[in-house]
Amino acid sequence: MNIENVIELPAGEFDLEMTQKSGQTSQPPWHEVGGEFRELLMVRGRPCPVAVRQRGRVLEVRPYLRVNRNDLKKRIEYIFDLKFDLEDFYSFLDDMGLSESIESSRGLRLFLAKDPFECIISSIASQNCSVLRWTRSIMDIRRMWGPAFRVSSETFHGFPSPEVLAAVEEDSLEELQRAEDDLPEDFAFNNLRACGVGYRAPYIRETSRILAEEIDVNEVWGMDYHEALELLLELPGVGPKVADCILLYGFRKTEAFPVDVWVRRIMNYIYPERNFRDGELREFAWSRFGEMAGYVQLYLFNHARRSGLLEKLKGG
DNA sequence: GCCCAGGAGTCCG
DNA sequence: CGGACTCATGGG
């Protein structure tokens, strides 16, 4: 591999591995090979597989194809939110009396969506589902219907477009009926349920249809938080928590504060006198944490996951 | 076998 | 509005 093809990015305080494996619904973790994380990115509208490795406070980025260095640099800086000042955020957490969550999550950053549509489907697939399972579903969807790119004996799959996913059958029965008489010898099921998405299959297909025919997801970029929230809540399978995940991980609306069972338990543990109810919590976070709300949620959840606090709070 | 997973839709008072 | 019930399915 051509050594001058490697781009070195100052990453500051950053933990690539923890960020990759923190279960953010933007996308599954990238393919890990010997400490390197590999993924297919779109750089200025062109597909380009990339390998990323961390050495101390430097991120080494190795593109598989010729690509404009500055465009790729910006892309990586965006995806790992490298411009966000973590030290500033840590002193903010300190001021809020939440410094307990820093140590177990030091270096954790937003893992932003390389494809907002993939983030929307990931977030829908994640509802009432384990990280292990929804990430595998997304990988299955990519392998079955995503565009494939082969580079030096490696195959990368992008996520399918809304148009492609809208045309996929929901379950085996529907697929068989569509196929009718001409079943090939090596017939294998190619429907959404076969990806393990369960009852979320109709949500995924209908949301895909709406995004193919009625709404351009890119409109969200130009909207403010509340406007974008209302738009996303129109999509089937998207409720308050999933909408906030999409806004935070998919479009970097950092005022978003996704409230799930764990965050609710953690917040009620931290503020025992409040006894938050559904809905209150989001408004509280929004007014108290402002544009830091998303990062506060990220750190609270990750801390609880890693420190054993979640086990302690279970059932309470 | 049983319980749970980073919830949402629906119905019912 | 608030609460209860259901939804599919793989892993511990």
Side-chain angles (χ1 to χ4, degrees), chain A residues 18-29 101 104-105 108 110-113 118-141 169-175 189 191-207 210 229-250 256-269 275-283 285 293-316:
Chain A
M18 181 159 53
T19 299
Q20 283 278 343
K21 299 177 179 175
S22 54
Q24 300 179 47
T25 63
S26 48
Q27 63 204 296
S101 64
S104 57
S105 304
L108 177 64
L110 283 177
F111 186 25
L112 291 159
E118 179 178 56
C119 175
I120 291 172
I121 302 304
S122 295
S123 301
I124 290 174
S126 76
Q127 64 152 316
N128 201 22
C129 191
S130 67
V131 178
L132 187 65
R133 191 177 147 202
W134 73 253
T135 53
R136 197 166 48 207
S137 292
I138 296 304
M139 297 306 283
D140 286 348
I141 290 175
E169 280 82 21
E170 278 175 22
D171 53 41
S172 304
L173 182 60
E174 197 181 48
E175 189 180 356
F189 285 112
N191 58 74
L192 278 171
R193 290 254 169 125
C195 299
V197 298
Y199 66 90
R200 306 161 194 83
Y203 298 159
I204 291 173
R205 187 165 70 170
E206 178 63 6
T207 288
I210 293 173
L229 181 66
E230 286 197 24
L231 176 80
L232 292 174
L233 288 174
E234 296 295 315
L235 300 172
V238 177
K241 187 267 179 181
V242 166
D244 271 336
C245 280
I246 295 170
L247 290 170
L248 181 58
Y249 306 127
F257 189 82
V259 177
D260 56 52
V261 287
W262 297 112
V263 170
R264 186 156 39 244
R265 287 170 186 163
I266 295 163
M267 290 292 280
N268 280 321
Y269 168 76
N275 196 16
F276 294 108
R277 314 183 112 182
D278 294 5
E280 294 186 316
L281 206 40
R282 297 170 62 243
E283 290 308 314
Y295 263 93
V296 172
Q297 187 269 5
L298 183 62
Y299 269 65
L300 288 181
F301 181 78
N302 196 250
H303 169 65
R305 222 167 60 122
R306 297 170 60 91
S307 67
L309 180 59
L310 287 190
E311 292 307 312
K312 185 176 160 191
L313 296 180
K314 210 171 237 178

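Residue numbers begin at 1 in each chain, while the letters A, B, ... track the order of the sequences.
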Notebook entry, point to check: Mapping A/Val263 and A/Pro236 onto DNA chain B by nearest heavy atom, which one lands closer to the 5' end?
Noted result: A/Val263
Notebook entry, point to check: Toward the 5' end of DNA chain B, which comes first, A/Pro258 or A/Gly237, by nearest nucleotide?
Noted result: A/Pro258
What donor-acceptor contacts under 3.5 angstrom involve side-chain atoms of residues 231-248 of chain A, with partners at least two apart or in another chain?
residue, atom, partner, partner atom, Å
A/Asp244, OD1, A/Tyr225, OH, 2.7
A/Asp244, OD2, A/Arg282, NE, 3.0

Next item on the list: In whole angstrom, give the distance that lies between atom CZ of A/Arg277 and atom P of C/dA4.
Entry: 12 Å
Could you go through nucleotides 11-13 of chain B and list every protein N or O atom that sits under 3.5 Å from one of its N or O atoms, giving the distance for each pair?
none

Check: A/Glu280: what forms a salt bridge (Lys or Arg N to Asp or Glu O under 4.0 Å) with it, not counting sequence neighbours?
Finding: none
Checklist line | Distance (rounded to the nearest 0.5 Å) between A/Leu108 CG and A/Gln24 CD | finding: 6.0 Å
Notebook entry, point to check: What does A/Gly23 touch in the nucleic acid at a heavy-atom separation under 4.0 angstrom: a base, only the sugar-phosphate, or nothing?
Noted result: base
Notebook entry, point to check: Between atom CH2 in A/Trp134 and atom C1' in B/dA8, what is the gap in whole Å?
Noted result: 18 Å
Next item on the list: Would you classify A/Ser22 as touching base, sugar-phosphate or nothing, given that sugar-phosphate means primed atoms plus P, OP1 and OP2, and contacts are heavy atoms under 4.0 Å?
Entry: base
Notebook entry, point to check: In whole angstroms, how far is the P atom of B/dA8 from the CD atom of A/Glu234?
Noted result: 15 Å
Checklist line | Integer angstrom distance from the P of B/dC11 to that of C/dA8 | finding: 16 Å
Next item on the list: Only counting residues at least two apart or in another chain, list the ones meeting side chain to side chain contact (heavy atoms under 4.5 Å, CB included) with A/Arg136.
Entry: A/Asp140
Check: How many Å lie between CG on A/Leu232 and P on B/dA8, as a whole number?
Finding: 12 Å
Margin query: Treating primed atoms plus P, OP1 and OP2 as sugar-phosphate and everything else as base, which nucleotides of nucleotides 5-12 of chain C get B, S or - for protein heavy atoms under 4.0 Å?
Written below: --BBBSS-
Next item on the list: List in chain and number order the residues that pass side chain to side chain contact (heavy atoms under 4.5 Å, CB included) with A/Ser122, two or more places apart in sequence or in another chain; answer none if no residue qualifies.
Entry: A/Glu118, A/Trp134, A/Ile138
Next item on the list: Applying side chain to side chain contact (heavy atoms under 4.5 Å, CB included), name anything that partners A/Ala113, two or more places apart in sequence or on another chain.
Entry: A/Ser26, A/Cys119
Item checked: Residues that A/Tyr295 engages under ring pair (Phe, Tyr, Trp, His ring centres under 6.0 Å), provided they are two or more places apart -> A/Phe84, A/Phe89
Margin query: Without decimals, in angstroms, what is the distance between A/Trp262 CH2 and B/dG7 P?
Written below: 9 Å
Next item on the list: Just do the side-chain hydrogen bond (donor to acceptor under 3.5 Å, both in side chains) check on A/Ser104 and A/His303 with the steps written out, would you?
Entry: CA-CA 6 Å; A/Ser104 57; A/His303 169 65; 2.8 Å; yes
Next item on the list: Please name all residues satisfying side chain to side chain contact (heavy atoms under 4.5 Å, CB included) with A/Met267, sequence neighbours left out, ordered by chain then number.
Entry: A/Phe257, A/Val263, A/Tyr271, A/Phe276, A/Leu281, A/Phe284, A/Phe289, A/Leu300
Margin query: If I take atom CD1 in residue A/Ile120 and atom P in nucleotide B/dA8, what distance separates them, rounded to the nearest angstrom?
Written below: 14 Å
